[in-house]
*Asks:* 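Okay, handing you the structure first.
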Amino acid sequence: MYNNKNTTFMNKIMKHTHIIGLLSLLLFVSCLDDKGNYTYGEKDIITIDMPTTLSVVANAEYIDIKPVITSNKEGAIEDGNANYEFLYERVNSDGDWVILSSENKKDLYRIADLGIGKHTCRYSVTDKRTGIKSVKGFDINIIVSTSEGWMLLCNEGSEERVRLDMLSQLSKDRIIPAYDIAKNPDIPEMYHARSLGFFSNRRGTIGDKITLMAETESYLLNNTYLTIDGNAYEMKASLFASSPEDHIVNFACVPNNDFTNHAAIIAVSKEGNAFVWDLLQSGTAFEDPANTSERGGAPEYRVSPFVGVSTQRSTTGLSDGGAALLYDIDNHRFIGWDGEREEQARRQTCYPLKDPDSTEKLFSFNTGSMELVSMANTAFSNGAVYAIMQDGNKRHIYSINLSNSDFKQEGCWEDIQLTDFDKATLFCAHSQYQTLYYAYKNKVYSYNLSTGASKEAITLNPNEEVTTIKFCMYDNPGGVTQLTAKMDEETAAAFTARQYELIVGSYDTTSTDNNGGILRFYQTSSPGTDLTLKPGWEYTGYAKIIDVKYKEVKP
């Protein structure tokens, strides 16, 4: 029997099968003609590949980040892509997100001036078409660059703003420059840099003292960061029994045969007063001016800012109380200070030096009308000081030994006839060879006092001017053997040799950004007249270098 319902059902199935087959055929044909110009609607996923932790040295190295950004739809995203916005941020001290760079740049490159410590940061990439933002968190660890190395006191620009730069020794093989490290917005700017002082104390009760001196002010520096922490660290308020009106411009350590401490520190002012901090007495500080014959009395004459001291550091060969040489510019005479006098009151005064007997007299300590041009301190013969004297249109060199309080006359070289010697204002002397160095314009000259040999030892570029020359003898009272006690043999040898490398600071006069200062190191060899640039030891970007001191680390 025929079933009409079954027939109708079968007809519907066949009809739907034909429709499905037709649709499949159309889909197959369309796939053959696929050009890829269709959208699936999948989400754009941004991948950011970059370090999650970065360590850089404060004010010396740059925060240098170059992230790799990839889109799963567009591939690599490069800088300048108009479809994306890039942003670097960090958390400030108030817990707020602040911008690290105002530029819409994929990469970040800026000086590490965020402050010491770890900084929480984030980097975001925003698709400006959709508003979708991808974020990557990271930390920047700013480490200190001021633990050890060469401190450089500089003048910046035509106004001579005082600036402290540094060549930091982070490790044996990592030595980098750092710039303007002592700036404090809460401290008035200082001008006309004069000198740096470094007092290395091993007794632990006083601690190392680092002083920055200018014609306007003088400050103690933070031992760790070499910053000026506040007005309380003004040098006269911190280290003087009563703060004088004077402007302190020099700070010299007086060594003795005690490996734990120096005998005294002598500070000299622009006004011509000398102040003594007697370190052999506990609980003391700089007292009233010592350029007098009576402790606490009114100053009787003015002294030159130069202080002659031995740079010898050892437990032998020096006097118990130490000795220092000064020059009375009012009476044109050499005066002495020594710590061997029995009464403390006498250690707060100076006294005129008496000429030796005629058989030992090489020159007169009473120089008539001569002016002191400079003093060059050494460890030669345990403490020879070379005084460069101006005698009318002539210049002489006097050598005075400070290994004890006798102030023995060792040498006299009169009417020096050397190239540019009569014009030079920068002098220093070697501590191994009897050799004096002086600079004028772009040249450094050497003069061996024993042999009479002289040489134009360094000639810099014509556009450079030498601004300082010196040797950095370490200040540790116990000598270099204490500083190198924990070093391996090779490192200790290199560290010791640096005391005898001539440091030359120069300035490129064509510089337009106040950063034309150049620091170079020169190696010497017997008899000291030849100078060879130490390979790789040439650093740029400083202001005008006026003084150099090495900041030591306690062994």
*Asks:* For Tyr301, does its backbone N or O pair with a side-chain atom of Asn291 as donor and acceptor, under 3.5 Å?
*Replies:*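 Yes; judged by distance alone, with no hydrogens or angles, the pair exists.
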*Asks:* Do Glu294 side-chain atoms and Gly297 backbone N/O form a donor-acceptor pair below 3.5 Å?
*Replies:* no
*Asks:* When you measure from the centre of the six-membered ring of Phe471, is the NZ or CZ of Arg498 under 6.0 Å away and within 45° of the axis?
*Replies:*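 Checked: cation-pi criterion not met.
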*Asks:* Would you please test Ser200 and Phe198 for side-chain contact (heavy atoms from CB on, under 4.5 Å) and show each step?
*Replies:* CA-CA 6 Å; Ser200 176; Phe198 183 77; 3.7 Å; yes
*Asks:* Using a distance-only test with no angle check, is there a side-chain donor-acceptor pair under 3.5 angstrom linking Asn463 and Asp508?
*Replies:*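 The criterion, which ignores hydrogens and geometry beyond distance, is satisfied for Asp508 and Asn463.
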*Asks:* Under the 3.5 angstrom rule, does the side chain of Tyr398 hit a backbone N or O of Gln409 as a donor-acceptor pair?
*Replies:* no
*Asks:* Show your reasoning for whether salt bridge (Lys or Arg N to Asp or Glu O under 4.0 Å) applies to Glu287 and Arg295.
*Replies:* CA-CA 9 Å; Glu287 295 192 16; Arg295 181 182 187 181; 2.8 Å; yes
*Asks:* Any sub-3.5 Å donor-acceptor pair from Asn401's side-chain atoms to Ser403's backbone N or O?
*Replies:*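 Yes, Asn401 side chain to Ser403 backbone: donor-acceptor pair under 3.5 Å.
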*Asks:* May I ask you to decide if Thr367's main-chain N or O and Ser364's side chain share a donor-acceptor pair within less than 3.5 Å?
*Replies:*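 No, Ser364 side chain to Thr367 backbone: no donor-acceptor pair under 3.5 Å.
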*Asks:* Inspect the contact between Glu215 and Arg194 and indicate whether a charged nitrogen and a carboxylate oxygen are less than 4.0 angstrom apart.
*Replies:* yes
*Asks:* Assess Lys209 against Phe199: is NZ or CZ under 6.0 Å from the centre of the six-membered ring, and within 45 degrees of the ring's axis?
*Replies:* no
*Asks:* What distance do Leu280 atom CG and Glu340 atom CD have between them, rounded to the nearest 0.5 Å?
*Replies:* 10.5 Å
*Asks:* Looking just at side-chain N and O atoms, do His396 and Glu414 make a donor-acceptor pair shorter than 3.5 Å?
*Replies:*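 Glu414 and His396 do not have a side-chain donor-acceptor pair below 3.5 Å.
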*Asks:* Rounded to the nearest 0.5 Å, how far does CG of Asn273 lie from CG of Asp246?
*Replies:* 4.5 Å
*Asks:* Please assess Tyr539 against Trp150 for the test ring-ring contact (aromatic ring centres under 6.0 Å, His included), listing each intermediate value before the final yes or no.
*Replies:* CA-CA 12 Å; Tyr539 301 89; Trp150 293 265; 8.4 Å; no
*Asks:* What distance do Ile187 atom CD1 and Ile228 atom CD1 have between them, rounded to the nearest 0.5 Å?
*Replies:*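 The distance works out to 6.0 Å.
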*Asks:* Taking OH in Tyr225 as the centre, count heavy atoms belonging to other residues, nucleotides or ligands within less than 6.0 Å. Is the count above 12?
*Replies:* no
*Asks:* Check Ser145 against Leu170 and note the closest heavy-atom contact, atom names and distance.
*Replies:*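 Scanning both residues completely, I find the closest heavy atoms to be CA-CD2, 4.0 Å.
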*Asks:* For the backbone of Phe380 and the side chain of Gln312, can you confirm whether one donor and one acceptor N or O come within less than 3.5 Å of each other?
*Replies:*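 Judged by distance alone, no pair lies under 3.5 Å.
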*Asks:* Looking only at non-hydrogen atoms, find the nearest pair between Asn222 and Thr224 and report the distance.
*Replies:*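 Looking at all heavy atoms of both residues, the closest pair is OD1-N, 2.8 Å.
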*Asks:* Are there over 12 heavy-atom neighbours, none belonging to Lys408, within less than 6.0 Å of that residue's NZ?
*Replies:* no
*Asks:* Would you say the side-chain atoms of Asp391 pair up with the backbone N or O of Met370, donor to acceptor, closer than 3.5 Å?
*Replies:*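 Here the side-chain-to-backbone pair does not exist.
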*Asks:* Tell me, yes or no, whether the heavy-atom count around Glu456 atom CD, taken from other residues, nucleotides or ligands under 6.0 Å, exceeds 12.
*Replies:*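 Yes, CD of Glu456 has more than 12 neighbouring heavy atoms, counting only those of other groups under 6.0 Å.
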*Asks:* How many angstroms lie between CD1 in Ile518 and CD in Glu538, if you round to the nearest 0.5 Å?
*Replies:* 6.5 Å
*Asks:* Kindly check if the number of other-residue, nucleotide or ligand heavy atoms within 6.0 Å of OH (Tyr233) is above 12?
*Replies:*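 Atom OH in Tyr233 is not packed in, count stays at 12 or less.
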*Asks:* Tell me whether the NZ or CZ atom of Lys544 lies within the 45° cone about the ring axis of Tyr507 and under 6.0 Å from its centre.
*Replies:* yes
*Asks:* When rounded to the nearest 0.5 angstrom, what distance separates OG in Ser168 from NZ in Lys551?
*Replies:*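 Those atoms lie 9.5 Å apart.
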*Asks:* Ignoring hydrogens and angles, tell me if any N or O in the side chain of Asn377 forms a donor-acceptor pair with the backbone of Val307 under 3.5 Å.
*Replies:* yes
*Asks:* To the nearest 0.5 Å, what is the distance between CD1 on Ile329 and CZ on Arg302?
*Replies:*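 One finds 4.0 Å between CD1 of Ile329 and CZ of Arg302.
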*Asks:* Ignoring hydrogens and angles, tell me if any N or O in the side chain of Ser446 forms a donor-acceptor pair with the backbone of Thr529 under 3.5 Å.
*Replies:*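 Yes: the side chain of Ser446 pairs with the backbone of Thr529.
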*Asks:* Out of the candidates Phe421, Tyr445, Phe306, only one should pair with Phe427 under the ring-ring contact (aromatic ring centres under 6.0 Å, His included) rule; please name it.
*Replies:* Phe421
*Asks:* Before accepting this row, confirm whether a basic side-chain N of the pair Arg395/Glu371 lies closer than 4.0 Å to the acidic partner's carboxylate O.
*Replies:*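 Looking at Arg395 and Glu371, the cut-off is not met.
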*Asks:* Please determine whether the number of non-hydrogen atoms from other residues, nucleotides or ligands lying under 6.0 Å from atom NZ of Lys354 exceeds 12.
*Replies:*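 12 or below, so no.
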